[in-house]
Amino acid sequence: MQKMMDLKTQIAEKEAKINSLTTGENIDVNAAKAVLEEMFALKLQVAQAKLDHQMQIRNLLTEEQQLSFDKHHMMKSHSKDKGHGHGMG
């Protein structure tokens, strides 16, 4: 749990760094791109840790509970797809 909090803190710091690199008088797009890559590497670690945690929980469940667990996660992922995105237009 602490590792996840540390990763999220690091992601927030990277987001702030990107904002500072892309606004004001001293814009540095190349540096911002480098920080963006670092930020997405951290986000990948968070996603992988969440998946590992979900699978650890799922493995503790009975077959019937796993079906319910899977259904819940499928519904959860579909609701994210239908959310209010930040599309163009």
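Counting begins at 1 with the first residue of the sequence.
- Of the N and O atoms on the side chains of Asp6 and Gln2, at least one donor lies less than 3.5 Å from an acceptor on the other residue.
- Taking CD of Gln48 as the reference point, atom CG of Leu7 lies at 10.5 Å (rounded to 0.5 Å).
- Residue Leu44 belongs to no hydrophobic cluster, having no ILVMFWY side-chain heavy atom closer than 4.5 Å to its own.
- Atom NE2 of His73 has more than 12 heavy atoms from other residues, nucleotides or ligands within 6.0 Å.
- Summarising the geometry of Ile18 relative to Thr22, their closest heavy-atom pair is O-OG1, 2.8 Å, with the distance given to 0.1 Å.
- To the nearest 0.5 Å, the span separating CE on Met39 from CD on Glu13 amounts to 13.0 Å.
- The two atoms that bring Leu61 and Gln66 nearest to each other are O-NE2, 3.5 Å, heavy atoms only.
- Open room surrounds CG on Asn26; 12 or fewer heavy atoms of other groups in view lie less than 6.0 Å from it.
- Hydrophobic cluster membership differs between Val46 and Ile57, with clusters built from Ile, Leu, Val, Met, Phe, Trp and Tyr side chains linked at under 4.5 angstrom.
- The side-chain contact (heavy atoms from CB on, under 4.5 Å) test with Leu21 singles out one residue from Leu36, Asn30, Asp28, Val29, and that residue is Asp28.
- At a threshold of 4.5 Å between non-hydrogen side-chain atoms, the residues Glu38 and Gln10 do not count as touching.
- For the pair Gln54 and Phe69, the tightest heavy-atom approach, listed with the atom from each and the gap, is O-CZ, 3.6 Å.
- In this structure, Met55 places its CE atom where more than 12 heavy-atom neighbours from other residues, nucleotides or ligands lie under 6.0 Å away.
- Taking CG from Leu42 and NZ from Lys8, the interatomic distance works out to 12.5 Å, rounded to the nearest 0.5 Å.
- No donor-acceptor contact under 3.5 angstrom links the side chains of Gln65 and Ser68, judged on distance only.
- When atom types are taken as modelled, the side chain of Ser20 and the backbone of Lys17 share a donor-acceptor pair closer than 3.5 angstrom.
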